[in-house]
Every structure is written in C-alpha cells, then in structure tokens.
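By convention in this document, chain letters (A, B, ...) are assigned in the order of the sequence lines, proteins followed by strands, and residues within each chain are numbered from 1.
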Amino acid sequence: MLRNHWVKKVLLALVVLLMAVYPLLVGYSNYFLTLFSITCIYIISSLSLNILVGYGGQVSVGHAGFLVIGSYTVAILGERGVPFFVSFLMAGIVSGVIGLLIGLPAVRLRGHFLAVATLGFGLSVPLLVLNWDSLTKGYQGMAVSRPVFLSSDIEFFYVIVAMTVLVTWFIRNIVASSLGRAFVAIRDSEVAAQAMGIHVALYKTVMFVISAFFTGLAGGLYAYWLGYISPSDFSVTTSFLLLAMIVVGGLASIPGAIIGTILFSVLPHFTEHLIGMHSIVIGSAMALIILLRPAGLVSLKGLFKRKLNKTVAEDRNSWLSQQAGGE
Amino acid sequence: MLQLIVSGLIFGCIYGLAALGIVLIFKTTDIANFAQGEMAMITTFVSFMFLTKLELPYLISFILALVFAGIFGTVVHRIFMKPIQSAPPLNQIVLTLGLFLAFNGVAGLIWGHTPAPYPPAFAGDPYDLGGVFISMNEVFVIGVTVILMLGFFLLFRFTAIGLAMRASSQDSMASELMGIKVSSVFTWTWGVGTVLGGVAGMLTAPFTFLQPSMMADVLIMGFAAAVLGGFISLPGAVIGGLIIGVFGNLISFYVSPEMKLVYTFLLIIVVLYIRPTGLFGGNQYLKKV
Amino acid sequence: MLTFRHVTVTFGGIRAINDLSFEVPKGVIYSLIGPNGAGKTTVFNCISRFYTPMSGEIVFNGEDLNKYKPHQVIRKGIARSFQNVELFKKMTVMDNLLTGYHPRMKKNIVSIALNLPANRASERNAVRKAHEVLELLNISHLAGEEVSNLSFGYQKMVDIGRAMMADPKMILLDEPVAGMNPVETERISHLIVQLKKEMGYTVLLIEHDMSLVMKVSDYVTVMNFGEKIAEGQPKEVQNDPAVIEAYLGEVDSFVKTS
Amino acid sequence: MLKLHDIHVYYGHVHALKGISLEIPQGKIISLLGANGAGKSTTLKMISRLIPPKQGSYDLESESMLKKTPSDLVKRGVIHCPENRRLFPLLTVEENLRIGSFTRKDKKVAADLEKVFAYFPRLKERLNQYAGTLSGGEQQMLAIARALMGNPKILLLDEPSLGLAPNIIRDIFQIIMRINEEGTMILLVEQNVHLALEISHYTYVLENGRIALEGESRHIKENDKIRQLYLGA
Amino acid sequence: GGSSKSGGPQSGGTAQLAQGVSEKEILVGHLAPQSGVSAVYDLIRQGIQAYFNYTNEQGGVHGRKLKLIAYDDGYQPAKTVQLVKRLVEEDKVFALLGSACTPCNAAAQPYLTEKGTPVIMVSTGAKRFVDPPVKNYFGSSFLNYRVETKVFMDYTVNKLGKKRIAIVYQNDDFGKENLEASHEAVKNYPGVEILGEIPFVVSDPDMSSQAQKIKQLNPEAIIMFGPPNPVANFKKELHKYGIKDTPFIVSSIGANDLNLFKLAGSDVWAGTISSAVIPMPDAVDDPGMKLYVERFSKDFPGSSYHGFAQWGWSAAQVMVEGLKRTGPDITYDKFFDAMHTFDNWKGSMYSGVTFAPDNHYGLTSMFITQAVDGKIIPISKTINFNPKTNEITYEK
Ligand SMILES: Nc1ncnc2c1ncn2[C@@H]1O[C@H](COP(=O)(O)OP(=O)(O)OP(=O)(O)O)[C@@H](O)[C@H]1O
Ligand SMILES: Nc1ncnc2c1ncn2[C@@H]1O[C@H](COP(=O)(O)OP(=O)(O)OP(=O)(O)O)[C@@H](O)[C@H]1O
Ligand SMILES: [Mg+2]
Ligand SMILES: [Mg+2]
C-alpha cells in the first residue's frame, strides 16, 4: 500500500516534468505544441465530462456545447476589452451558469432521455451562435487575442499545461471527497443516496455546474490558443468523441479519461494522411478497444493488480476458517 | 397549412421508421444503437447495387436488400455486440458509435461521396387533393410505416417471443434461467432491427439521395422521435416521429428553418420535463425498496 | 419519539396501510411484524418520505415528518437499512460507509477542490468512524472490497453499517437477518441490543425471524392488510390467536422457528 | 440424477469453489449449507451453467453438461430459482409466470398455473401488478411460483424462505416436500438450517468453497460442530 | 498568432530555394474533409492529384516533380490550424493549394499570413481571402461568392427583366455571405425588391416549408445559394407545387454538376440558370477539357468528373503555370511576382485568370449557364467583373 503510494508520486512527478520539458523535446515545433495544447484542452473537457458521466452516471452527449460557450465567452468579452483573467474566469462562470440552467430540467431525466435532451443542447448551441449575429458575428467567427504578457505560443503553452495540472488536481480532490462519493452514490442508487441525506436534485445540478464550469474554462483556453473561433469548431461529433474518450479510457477513472483523450487526440496524427481512412481508423479503434477491454483501457492495470486481489480474498478465507475453528 | 402538415407527416414517418428500429433493438437489448443509420445506409447501397448493377426490378432488389440487412444485423451482433453483452450499456453504446464512424468511412471508400439518385417505390406526379399535393410514393411511405408499427406492436404485446424479448432486456441472467437463449434473441433482434432500418433507408434515400451521410440527420431525428415516444413504445416511436415531423415543418414555416432543430429539442425537453419518460414511456425506472 | 396517527397509504386500488396508529417510545427496540404484504416496508418508506401518506400524520420528536424531503430525514436523526440491500454497488465497503457519514461532512466546494486541511480533517473523522463500525460488525477485513463482489449476507451487514454511520437517534432495520444463518443471526441480535444499550439508538425493526424478534424486542406491533391487529410485549403477541392465525401459523412437528 | 466432481469456479481471480463434489440422487431433497460467502449460490449458478467451471466434471443422467447453456438445462428440467429473486420488475405477475413456462410445449401449463395460484393465493390477487412493486415476501412467492411453472425435474432453490412470514415458510416447505413426493429432485440452499435439515435427506456443508462435511441430514443434525456453527448451540 | 522561432519560409533568401522546393521535388499541401458529412470535397484533391500526376509524367516543372501532401481536417477549424502548422513546419511544404472550408481557412489565415506561405486558390469563395489582397493569398478555386451574386442580380434584373426576387440561402457562412452580397447588390437597382429571404439547413432533406413560402411570396425569380442536394430537393418540391416556370438561378456550387439531372429529374432540373468559370466537360469540344476527362477518369475511375474535381484540376493548372513562370530558381518573392503576371490567362480550364498586386481575386471572368436537354450549356459570352470599380461588363 505504502509502496504503491510512493510509486504513484514518482510517476506523477515524471509526468509533470515531461510536460514541462516537452517543448524542448519537440524542438519548439509549433505543430507539436498545438497537438499537445489541444490534447490538454480535451483532457480538461473529458475529465469534466467524466464527473458527470463516469462518476455521476448522467449521460451527456452534448458536452461540446459548453466548449462553444466557453470559447465564445472569451471571444466576446475580449473584444469588449475585458481583461484576460476576468474573461477567462467568465468562460467558466458563464458556462457553469448555463450548466445550471440545463441541469435544472435535466435532473428529472435519466438514461436515454437525458442523453437526447443533452444531444439537443449540443446541437442547438452552435446553431444559436451561428444565428446570433449581433453578438457572435455569426458565420464569420471571431478573432481572439491573448494579453500581451502571454502573446508568445510558448508562454501560453505553459499556461495551458499549468491549467491542465491544476484542473486535474481539483477534479481528483472533488471525486475523492464526500462530494464525489455523493455523485457515485446517485449513480448507483438514487433511493439509497436520498436515505443517506444526499439531495439528489441538488447534487445532480452541482454535477452539471462543476462539469460545465471546467469545460467552459477548456473552451476559453481553446479560443486563446487558436486565436479564432467559429460556430463549426465544436459539433456533435466532438461530444461523441469526448464520450468515447472517457469510455475507452475507462469510466470513472482519472487516468482512464486522460489515456483515452491522449489516444484519440494523437491517433489522428498517424492517420490524417490516409485519405478517407480517418473515420475508419478512429471508429475501429473505438470498437476494437471496447471489444477487447470492455471496461476500458485502465482495466489493463488490473493485470498488475492480480496479486493484491488475491491477498484480500485469502485474508477473508483465512478469517472465515478462524471463525469456524475458534468459536 | 394543410400541405405543411402533410409534408410533415411524411418526414415524420421516415423519422418514425428510423426510430422503430432503434426502439426495437433498445427494447430487447437495452442498447441504443448509434450505428443503426449507417447500417441502413449500407443496406440501401446494397439495394442500389441490385437495382443498377444487376438491373433487378425494384421489388426484388428491395427484398434481397432486406435479406442482406437481416444477415448484416446478425453478423454485427455476433462479432461486435455479443462478446460484450455484459459490459455496461454506455460502453456498448460507444462501440456502436465506433461502428457508426467505421461504417460511414467504409461506405465512402467503396461507393464514394457523390450523391446518387435513388428511385422511389412508386414514380409519378403527385395528386392534387384540393390544394394538398401528395404522391403515390408518399402514401406508400405512410402505409409501410403504419403496418410495420402495428405488426411489431402486436408481436411484442401478444406473442411469447415478444415477452421473451421484453424479459431479456430487463434481466438477461434471469431470462437465461427461464430457458430463453438471450444471445440468440439479441441476434434475432439485431437482424430484425437492421431490416427495419433498411426499410427506413430505402424509403429515405429518394428524399436525401444516396450517399454515405444520408442517414446522419434522419438518425438524430429518429432518436428524438424515439425519446419523445418513450423509447420503449413502438407506436410511441412513430407518433413521436410524426409529431417531430409536423412540428418541425410548422416551425420551419412560421418561425425559421434554421431554428427547427432548436425548437424541436426544446419541445422534447418540455415534454420530458412534464413526463420524464416520454409520451408512452410508462414507468421505466420503477424501483421499490 | 415516533408517532403514527391514522396513516393511510394507497397504490392505485390497494390500501397498503390503512388507518395505522402506533407510537415508538425513545430508547426501545420496537418490532413491526406481520404477514407478507402487510405494509411494514411501506411504513418505513413513509418515514423515509419515499411515499407520502394519503392521510394521517407521522410525528418525530414533535415534528411532522411530512414536511421534509427524503434527504432531510437523516438530518432529523433517522437512518435506515433496506430489505433487499440497496448498496452503492461499484463502491468499496469503506466508501459505502463513508457515504453514510455524508450528512456530517464539511461540504465547502472550495475547501474540497483545494483539499484544504478542514476537508482532510473531516475526511479523517469519517474514516475513523467507519473503522469503528466495521469493527462492531466484525467485517474490517472487507473494507477494500467492492460490495458487488460480496455474498448477500455480507451485503446486508454493510447495509446496516452504513445506516449506523450517521449516528442517528433512531435506526430502521428492514429484515436485517434475512439470509443469515442462526449463528450470524445471533451476532446481529447482539449488535441490535448493543445499538440500544451502548449507543442509545431507538430501533424500529421489521423481521420475520421470530427468534430474533422475541429475543430483542421491547414491544411488538403486528400488522395485517395494512392494519394493526395486535400489539404488546413479545410474549403476549406470540400467544395472540389472531397473530397465530394470520402470521405465525400452527407450530407443527417440523417448524421450530421460534 | 446429477453429479458434480471436483468442480472449481473462479470470479476473476477469486477462487470461489475449490473442488466441489456432490450428487443429487433420484427423488431426493439435498440441502447445501454454509456461512455467508461459502459458495452456495455459486454452486447453484454453476449447476444451471450461468457460470462455467474451470475444472471438474458435471454429469446429468450420465451426460456431461460442461458444454451446455442454461437454456439446455432448462429444457432438461433443471430449474434454478435464484438468490435475490431476479424477477422481471417491469413485467406483471402474470407475465412473470408465463415466462416461467417459456420453454414448455406440453398442455399442462394451464393446470400448473392453477396449482401455483392454489399455493400462493396472494399472487392471483395481484395478477396485473408489476413484479417490481410487490412486497419482499410477495416477490419471493412469485420467484418460487415462476420456477415451478418450469415444471422442474430438478429444482435448485436458493434461500426460498428469505423474507417470508413464518406461516408462509411452513407452506413453502410443505410445497417442497409435496413436489418432491411427486418426483422432483431438489437442491436446497437455506440459512434456515433447522428446517433444511428437517426436510432434506442428505446434506452438504460448504466452507470456503470446499465441502467440509456431508452426510444424512439426521446425522448432520447431531454433529457438534454443526450445532455450534450453524444452529447456534 | 504563432511564434517564428524556427526559421519561417521567408528565411529562404534569394540565393536559397524556397521552403519545400528541392532539386527533385516541390511539396504542396492541401487540406479538406475527406470523410464524414462533407467528404465530397475530397474530389478537389483528386482533381489536383490528377493534374500533378499528368504534369509529373510530362517531366514536372523545370524538372521538379510535384508532390501533394493532403490531410483530412474534417471541417474542423482547430484541426485545420493544427494541420496547417504540420504542413508548414513539419512537412515544410512550399505552398497550400485548393484547401476547402471557409471557417477552416479563416482560422488558419492569421498564421499563414504571418508565415507567408503561399496559399493558392482556396476552395471557398469568401471575400476575406482575396479582398483586400493578402500578399501570399492568391485566388479561389471557384468563383467569389459576392462577385457571383452581383452578376446574378445584374443578370436577373437586366437580362431577364425580373424585379420581384426571392432568395433562398443556406444557413451558414456560404449562404449568409451571399445573402449579404445580394442586399448590397440590390441597392444598385431601383425598383427591384427582395421579397423574402428563406433559409434552409444543408442536412435537412425536407424542403417543403421553403417551397410553401415561395408559393406564398409568388416571386418573379428565385435565386438560391446552396450545394447540389438541397437545391435538387428544393427544385423537386417547387415542381410538386406547380412552380415550374419561374426563373430559378442557382449558385455555381450547387449547379455545375450533371448529376443534378439525375438527382432532381431531367425535366425538373431543365431551365435552371447558373454561372460557371469552367464549362461542363460535355458542353464543349476542347482539347484541354478532353485531356482532363481522360486523365481524371484514368486516375480516379468511378469519381464524378463534374464540378469539384474540375476546380481541383484547374487550380492545380494555375499553380503549375505560376511555378513555370517563376523559373527554376524558386523563391517566394519570385513566385509572387510571377503570379502577378497572370492577365486574363486562358491556359487553364477557367475562362480567365487575372492577378495583380491590387487584385487577388484570380477568377473574375465567368459566363451564365442553363440546364437544357440534360446538358449544362453556356448561354452568355464571358462576363467580366472589375474588383476595383465593381463594374460588370458583358463581352460582346
Ligand atoms: N409502489 C407500489 N405499487 C403498487 N403496490 C405496492 C407498491 N408498494 C407496495 N405495494 C403493495 O403494498 C402492499 C404492502 O407492501 P409492503 O412492501 O409494505 O409489505 P411488507 O409488509 O413489507 O411485506 P414483506 O414482509 O413481504 O416485505 C403489498 O401488497 C404490495 O404489493
Ligand atoms: N460476482 C462476483 N465477483 C467476485 N466474487 C464473487 C462474486 N460473487 C460471489 N463472489 C465471491 O464468491 C464467494 C462465494 O459467494 P456466494 O455468493 O456463492 O456465497 P453464498 O454461500 O451464497 O453466501 P450467502 O449465504 O451470503 O449468499 C464469496 O466469497 C463472494 O465474495
Ligand atoms: Mg417488506
Ligand atoms: Mg448466496
């Protein structure tokens, strides 16, 4: 147990170090920086979605809607001269507020009903953005500029990395807390959750808000990184992909969401030149991984955990015999 | 106005047909099959091969394509779905999403992305019924939808097979203990569901033209229809489709076409707010402690 | 402590509880028995506020419970276990218990997200309490197991343990020893007495195992068809002809349940 | 005549059954006892082939059942009434019973239906209620009734008395004896050890996935260790 | 914006060859969706590839072979930005050719402008890529939307003599830009009125409400901005309601495809008016066109050689001509200068290509077409548009 903890810490430190020196490793290539940044942005999004879907059991297939809201918030506020930190935070807050509005009716729905309601949200947001010309400049999209002190890509790269680490840490804390347990409790049994004093409707809403908040931040980072945002940036496909990331990685698992996201963000790098094969490769990857690892990629670590499990089982059995012999 | 409603009804039937296949598979296997539309599309392409390459008559091609669909569905179930039958539903759904992408890509590789005209079941000019135009083909679409809906409704309600299908979705382990071969039931359902999808595809293609992405929108509307109708009710699926078709057309005309989708989902959310399990969903999440 | 006054609950045409009145005094073990479908679990579900009576009042410590929502009941000091175990299946035993501690946790989102000392302290308290409960139930060795991997008997224990986490004033136990053998039943009956004596809980118990009911109860109410048909000391009730007729049955050669 | 020899079953890495050998001879009631988690339910699930054994042999009327599916066993009259009832909550009582006779082609289904209604009159009153809304005991009755509708030759009962009122328990055990007299073999898992030993002919006691003790029920009843461990002195 | 830490393309200098140009090869990048809903755009790549293959067989450009590096950006702007960086910084291409999707190109524009990589004949007719001229952006592979719209308006009013016009537009960047241009254009014609503007969504097969609206408005002419599928569906729907004779004018993207006769039905489609910068393969007897049809069908059998593929081929022709004019020592400055020497160049399938330092439209010459007897034939002489004066002149 203790050793396990230690290994984990070293691993984490290594990962953070790797993120820090990454630009050096790729020779400051802007392409590889972008690949990494976009991956980070999707990691934040998929971790947020995981709160809702993996831990809370509330299926959302419209999560990209929050990315749109976050990214347009910084674009619109930025254009009106609102300072960076404020607009960035507002990306989360506005998205969180919309999450609240969506969450309020959504708490009554379950399973596929919720899925289709959120699908509607994901489809509608880009349409609204497209048609609300006066605010969003419609089809033309909006330019987004970074503050002067973060204007170089390498600087902003580190902002994204820092945000990713920070948000991952927040989310880890949340899911490991009473809040996270309440989410899982709602997923596993609403009745029992109520009996434990968990206000199901409230917590479902909280889930939506937290999830939307962080996704909104991710949307903000996205807009800043690319410097331009249009209504076609996030479609339902994005929402589907986010869902696939967390499921293929392994639901209700932080490493799972991260692994799944990296897989689907980096895979295209190897398939983009295969004309017309892109969706075949992505789709087959989804199907095959689930076929081979129905519980997602993190379940691979079960292979290493074998020993541990066995000891628990043996413990129990020896305890039973003791009881049998002793009394 | 009347014309709007009639056109809405026709597209409603198409959404309803797509929804029927989705609901059928869901009702039995508890899986929302996102690959449904693409499987229908492939079936439609296959029927088109029969029509153009082999120059078979429409009816023969139609039937042969449905035979293909039945085999296709069972094979997909055997290869992809059966091995993960006991995985959580969401994982299975994501697998169907993967199939959706892969099938779409494969169809693009084989048949290309240029839209092709697909013949309607009945050619001919529309009839003018006092200012409302309706063609023979459209009448046919409505007829097929209603017949299929009724047929499957009766199957589920009154036959032992139907009962076994319902039981399998609720508790597959207990169903096994009743002597039901759950995975065979599931395989059959996938076969039949794919046949239903194929019918939807072949009736949709004259409107959307034949191309790999022909079912994208129809599938989304099919899901919307299924949910509106309660997701487990076959008549609900068709009625949901009709409501969406007509409502969408009215919004399109009186408000604006680009807001059709937004309003349609708004309608669904309002309905679900009042009835969280759709119009004919019944008590799906019933649990007594 | 808890009073039912003329409570009636109906489902469609069925009267699950019909004009039921009884009173549970503080600090006793009060048993509710009766044939299957008599309405006992429905009584629990009314107290938990999953069902709302068509008429009548349920008063707990002077407050009408009907004005609360299900999740508020535990904060009034009433915890419960479930007849068919209603655990959080994918959680470990420990996490199930910790969830039982939920009402007593600090819940400041900022403190949680930043994992501030206040949050950690509250988390430590919960874990300490959980270990105590595990000890009491004698299942400490199962702390790290996912509950869906446990056999039915152990799941029942976890279910009871979870209800104990909140340190309630009153605990509702719905058939706690169903699926346990006599030795295990014995252990649970010790535990129930302990709950009353050492921890000062009031226990409301539903159970079909008469050996347990007779042994631990201070007072028994017998229901049939949603109505009270008898009440009193265990011994009195046991010999009540109406109860024998409706519930216990003739004690013939091979039935030695009591 | 059903025979298990040296059966091993694993749940992932958990070794749940470690070499079980048991027999259900013609016309007998066999009881299977053991503490929580001993592997009783696992044994039944193995027999109905819901889970596969990793090792060992399993014969029914001298034919190996290792390659069979649950539905094959149902067709041969091995009916399993599982732990936790496993009713179909969204089917009505009537539909649950109908599905109990799903594989049967004989004409006696209607008569059997009347028979189970005679056993459990409460079910007849609740024909159109969803199984999921029945009370705990009513659900248990339905689970047993549903198993009986399969016209079992060998009936596997996993804690049939669970959650039932004492008078109904008595009824159930009488029913068990009656159908046994009519020729059905029974494998009974019970926590109600007194009763189980009372009505069964032969008993196996499971401990940690192994058979710790077996013998005629009346002898087992007298065994000191059993008295101490399962009967509560 | 991107940092320019690693040497950008400009650092080529005069002595050195430009990025992506080696002794043997010239690397050219191309981005478009190649799978999913918008996969038809892949035909553009096929057109380019076919012409590159042909050129390479002829010995290449000044002895250098052309190599096309194409990626699938899936119609997602973020992907495009990522991939443009990949093309420029990792693959080190010389230029980008014929990339599709307006928002995608728009997202990449700041980066490409800064890097200075030539962007030749983007496959979008949006104004922002050609006007005001950007140093390294040259032309679009199909007609500029606004130019086309102006011509349509002019043609409808002056040649057809219609004054009450209904506009049907696709509800996206393409349709809306055209709509805006229509409103601008109509101001020049007193007495002409836009009766209504009716949007539609490209993926929605149901065009009945739009047709109903038309019936209600009863216009003298209908101008529609959309791609083939909805256009065909709409025309069918109009027919159903008996609206058969009202002039129906459709943007070239939606009309330059013989497939439409099949999609809509021959008699339904007949009469439709559109414009073109390239004649339909079967409408003219021209060696260049024959070569195209032959080569394209050989390289991509089964692909449709109408429309998109033609644009790809012609865009490639323009680029190759530019490279030829640059001479063997290719630098960016020389290349840009060479591009500016195009003055109504008729060597490609386009009816004329013009670039000047103050005009990066490229395509300013077109003609009106009409669907007749299963063919799409020119019904006007060349029409020229002058971007400087906004004047439209009809060649006699
Ligand atoms: N949601 C419901 N819908 C319909 N009927 C219900 C519902 N809940 C309970 N009932 C009925 O109400 C009656 C009382 O049920 P309850 O669960 O309270 O019985 P119980 O006394 O706990 O029985 P048991 O000892 O068998 O658990 C039963 O007949 C049951 O069928
Ligand atoms: N699905 C499962 N996954 C992992 N382990 C399991 C699973 N089901 C049972 N087990 C383990 O297998 C062992 C035997 O379980 P089983 O359910 O057969 O016990 P049982 O004798 O029926 O107990 P009870 O009387 O409590 O029902 C137990 O240790 C249990 O924890
Ligand atoms: Mg009960
Ligand atoms: Mg068991």
### Query
Under 3.5 Å, is there a donor-acceptor pair between the side chain of Gln82(E) and the main chain of Thr34(A)?
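Absent.
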
### Task
Check whether any side-chain N or O of Arg86(E) sits under 3.5 Å from a backbone N or O of Phe32(A) as a donor-acceptor pair, and report yes or no.
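Checking the backbone N and O of Phe32(A) against the side chain of Arg86(E), no donor-acceptor pair under 3.5 Å is found.
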
Answer with side chain, backbone, both or neither: which region of [X] has an atom nearer than 4.5 Å to a non-hydrogen atom of chain E?
{"X": "Ser37(A)", "answer": "neither"}
{"X": "Tyr228(A)", "answer": "side chain"}
{"X": "Phe156(A)", "answer": "neither"}

### Task
Between chain E and each of Asn131(A), Leu35(A), Ile38(A), count heavy-atom pairs under 4.5 Å; write down the option with the most.
Asn131(A)

### Winner by heavy-atom pair count (cut-off under 4.5 Å) against chain E, out of Pro268(A), Gly141(A), Ser232(A)
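Ranked by heavy-atom pairs under 4.5 Å with chain E, first place is Ser232(A).
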
For [X], is it the side chain, the backbone, both or neither that has a heavy atom under 4.5 Å from a heavy atom of chain A?
{"X": "Asn171(E)", "result": "both"}
{"X": "Ala107(E)", "result": "both"}
{"X": "Gln46(E)", "result": "neither"}
{"X": "Gln109(E)", "result": "neither"}

### Query
Tell me, do Pro231(A) and Pro103(E) make a side-chain contact under 4.5 Å, heavy atoms counted?
no

### Message
Within the structure provided, determine whether Thr238(A) and Gln76(E) are in side-chain contact (heavy-atom separation under 4.5 Å).
### Response
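The answer is yes; the side chains approach within 4.5 Å.
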
### Message
What I want to check is whether the side chains of Ser29(A) and Glu90(E) have a donor and an acceptor closer together than 3.5 Å.
### Response
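A donor-acceptor contact under 3.5 Å links the two side chains.
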
Could you tell me which non-hydrogen atom of [X] sits nearest to which non-hydrogen atom of [Y], and how far apart they are?
{"X": "Leu83(E)", "Y": "Glu272(A)", "answer": "CD2-OE1, 3.0 Å"}
{"X": "Leu130(A)", "Y": "Lys176(E)", "answer": "O-NZ, 3.3 Å"}
{"X": "Tyr31(A)", "Y": "Glu89(E)", "answer": "N-OE1, 3.7 Å"}

Could you measure the distance from the [atom1] atom of [X] to the [atom2] atom of [Y]? Nearest 0.5 Å is fine.
{"X": "Ser230(A)", "Y": "Asp173(E)", "atom1": "OG", "atom2": "CG", "result": "8.0 Å"}
{"X": "Ile275(A)", "Y": "Tyr71(E)", "atom1": "CD1", "atom2": "OH", "result": "10.0 Å"}
{"X": "Tyr111(E)", "Y": "Leu226(A)", "atom1": "OH", "atom2": "CG", "result": "12.5 Å"}

### Task
Flag yes if more than 12 heavy atoms outside Lys67(E) fall under 6.0 Å of its NZ atom; otherwise flag no.
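Open: at most 12 neighbouring heavy atoms sit under 6.0 Å from NZ of Lys67(E).
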
